> 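Dropping the structure in here first, questions after.
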2 protein chains.
Amino acid sequence: MNTDRPEEALMALAQSFREALRQSVYVMRRLDSEEQLSAAQLGVLKMALDGGARVGAIARNLGVKVPSATEQIIKLERAGLVKREADPDDSRAVRVVATPAGHAAIENADRRRNEYIAGILGTLSEEERDSIAAALPVFDKINNSFQN
Amino acid sequence: MNTDRPEEALMALAQSFREALRQSVYVMRRLDSEEQLSAAQLGVLKMALDGGARVGAIARNLGVKVPSATEQIIKLERAGLVKREADPDDSRAVRVVATPAGHAAIENADRRRNEYIAGILGTLSEEERDSIAAALPVFDKINNSFQN
DNA sequence: CCTAACTGTTAGGATACCTAACTATGAACA
DNA sequence: TGTTCATAGTTAGGTATCCTAACAGTTAGG
């Protein structure tokens with residue numbers, strides 16, 4: 001495994017996997033286009049829930065650079081969904097915290113999107129759903145390989 | 001199944017699925033950032049291979065509107081990887097065809113990306129790879145639900 | 001023919017991301 | 001204690017991708 005010249009089977013699997021990734025991007029765009037909060041903003045908001053999160057942590061979680069996170073945070077702030085506060089332990093840092101309106105917004109956005117997806121999952125067979133359920137943790141593992 | 005109020009389990013699966021989608025977008029960005037051809041351009045190029053494809057078909061395949069496809073096609077054309085020709089059957093239409101340089105480029109780009117992914121898949125256990133392989137067709141089925 | 005439908009291109013605008021440069025704070029150490 | 005280096009965010013400027021609207025040319029139906 002994991003040699004310089006991956007075997008045929010591994011390459012074929014990689015190819016299919018890549019196709020799934022490509023489609024996922026498309027699906028996410030569709031999902032986003034019907035909502036007010038973008039996926040990135042939803043991600044920020046989620047991290048801002050319990051006690052808030054620092055800008056750098058948010059950026060890392062979203063897989064973007066700090067200025068890109070700042071940009072989304074500012075939009076959410078203008079929309080009244082989060083507020084920025086000084087970190088009591090480190091005055092260089094900024095804690096992003098969800099406002100009550102932010103809490104409400106995230107619940108709505110999350111539920112709507114989940115219902116949309118659940119509607120589609122509902123059309124699958126039990127078996128198909130099981131295979132998805134089994135694969136998701138592995139997906140997660142793979143995706144985490146890219147965090148570097 | 002597929003009721004107005006999806007069950008708990010379905011909603012939970014939808015939530016995890018959505019998380020995987022989100023991560024996929026991130027992974028695709030990473031993968032793209034190390035290459036010269038963007039994923040969208042690679043998609044155009046692939047369709048331009050055998051006998052070429054019409055602009056509208058390319059747009060549909062990529063999940064974007066026609067002007068967005070045109071934009072990518074123009075870039076590839078300027079790079080010498082495709083050429084645009086009149087469709088013999090319908091003079092309104094344009095066929096996008098890969099040049100020899102385009103053929104070469106796609107092979108390189110595809111192989112490099114597959115090797116990268118294969119390298120990661122190689123670190124998984126046999127079982128994990130099997131669960132991915134089993135899920136990919138279902139992913140495909142789900143993703144096709146969005147083609148509307 | 002003449003109009004309606006279709007295929008693409010062009011123009012203009014929005015969004016999200018990036019790098020580089022800057023400010024301010026913290027931490028290490030002589 | 002004071003200098004220096006590292007860290008946290010913001011701001012400025014630029015790029016890529018997508019979109020809608022308006023347009024030109026072609027096809028097809030009545």
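In what follows, chains carry the letters A, B, and so on, assigned in the order in which the sequence lines appear, proteins first and then strands, with residues in each chain numbered from 1. Owing to the predicted nature of the structure, the values given are computational and were not obtained by experimental measurement.
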> For a quick check of understanding: with a heavy-atom distance under 4.0 Å over all strands, which category does A:Glu71 fall into, base, sugar-phosphate or nothing?
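It contacts base atoms.
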> In whole angstrom, give the distance that lies between atom CZ of B:Arg54 and atom P of D:dT26.
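Going from CZ in B:Arg54 over to P in D:dT26 covers 14 Å.
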> Tell me: NZ of A:Lys75 to C1' of D:dT10, nearest whole Å?
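One finds 16 Å between C1' of D:dT10 and NZ of A:Lys75, rounded.
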> Categorize B:Ser33 for me: base, sugar-phosphate, or nothing, with a 4.0 angstrom heavy-atom threshold over every strand shown.
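Contact class for B:Ser33: none.
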> Round to a whole Å and report the spacing from CG of B:Leu37 to P of D:dT17.
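Spelled out: CG on B:Leu37 to P on D:dT17 is 10 Å.
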> Is the backbone of A:Val66 close enough, under 3.5 Å, to the side chain of A:Thr70 for a donor and an acceptor to pair up by distance?
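It does hold such a pair.
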> Tell me, which of residues 80-90 of chain B have any heavy atom that sits under 4.0 Å from an atom in DNA chain D?
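DNA chain D contact set from residues 80-90 of chain B: B:Asp90.
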> Between B:Thr70 and C:dG8, is there a contact of a side-chain N or O with OP1 or OP2 at under 4.0 Å?
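No, B:Thr70 has no side-chain N/O under 4.0 Å of OP1/OP2 on C:dG8.
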> Does the pair A:Phe17 and A:Phe139 meet the rule for a ring pair (Phe, Tyr, Trp, His ring centres under 6.0 Å), with working shown?
CA-CA 10 Å; A:Phe17 187 76; A:Phe139 255 78; 5.1 Å; yes
> Which of these nucleotides, D:dC18, D:dT17, C:dC17, is closest to any side-chain atom of A:Val64?
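Taking heavy atoms from C-beta onward, the closest nucleotide is C:dC17.
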> I want to confirm an ordering. Mapping A:Ala40 and A:Arg92 to their closest nucleotides on DNA chain C, which one lands closer to the 5' end?
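The answer here is A:Ala40.
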> Quick one: label A:Val66 by what it contacts on the DNA or RNA (base, sugar-phosphate, nothing), any heavy atom closer than 4.0 Å.
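Touches a base.
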> So if I take every side-chain heavy atom of B:Pro67 and compare against D:dA16, D:dT20, D:dC18, which nucleotide ends up nearest?
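Taking heavy atoms from C-beta onward, the closest nucleotide is D:dT20.
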> Under a 3.5 Å distance rule, please check whether B:Arg129 uses its side chain to pair with a backbone N or O of B:Leu124 as donor and acceptor.
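Yes, because the side chain of B:Arg129 sits within donor-acceptor range (under 3.5 Å) of the backbone of B:Leu124.
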> Among A:Val44, A:Thr99, A:Val96, which residue meets the side chain to side chain contact (heavy atoms under 4.5 Å, CB included) test with A:Leu76?
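With A:Leu76 as partner, A:Val44, A:Thr99, A:Val96 yield a single side chain to side chain contact (heavy atoms under 4.5 Å, CB included), made by A:Val44.
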> Compare every heavy atom of B:Glu35 with every heavy atom of B:Arg113, then report the nearest pair and how far apart it is.
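Of all heavy-atom pairs spanning B:Arg113 and B:Glu35, the closest is NH2-CB, 3.3 Å.
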> Could you please name the partner base of D:dT27, counting Watson-Crick and G-U wobble pairs only when both distances are under 3.5 Å?
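Pairing partner, where one exists within any strand: C:dA4.
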> So does A:Ser38 get a side-chain nitrogen or oxygen closer than 4.0 Å to the phosphate oxygens (OP1/OP2) of C:dT15?
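Checking A:Ser38 against C:dT15: no side-chain N or O falls below 4.0 Å of OP1 or OP2.
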> D:dA6, C:dC17, C:dC18: which one has an atom nearest the side-chain heavy atoms of A:Lys65?
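Nearest to the side-chain atoms of A:Lys65, counting from C-beta on, is C:dC18.
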> What is the distance, rounded to the nearest whole Å, between atom CD of A:Glu35 and atom P of C:dT15?
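Going from CD in A:Glu35 over to P in C:dT15 covers 16 Å.
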> With the threshold set at 4.0 Å, does a side-chain nitrogen-carboxylate oxygen contact exist between A:Arg92 and A:Asp87?
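A:Asp87 and A:Arg92: not salt-bridged.
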> Of the nucleotides D:dC18, D:dG9, C:dT15, which one has an atom closest to the side chain of B:Gln72?
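For the B:Gln72 side chain, the nearest candidate turns out to be D:dC18.
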> With sugar-phosphate meaning primed atoms plus P, OP1 and OP2, does A:Ser91 contact a base, only sugar-phosphate, or nothing at under 4.0 Å between heavy atoms?
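Sugar-phosphate: the residue A:Ser91, judged by heavy atoms under 4.0 Å, touches backbone atoms but no base.
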> The side chain of B:Gln41 is closest to which nucleotide in this list: C:dT10, D:dT17, D:dG9?
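The closest nucleotide is D:dT17.
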> Counting only N and O atoms by type, is there a donor-acceptor contact under 3.5 Å from the side chain of A:Asn144 to the main-chain atoms of A:Asp140?
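Such a contact is found between A:Asn144 side chain and A:Asp140 backbone.
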> Rounded to the nearest Å, what distance is computed from the CE atom of residue A:Met28 to the P atom of nucleotide D:dT17?
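About 19 Å, once rounded to whole Å.
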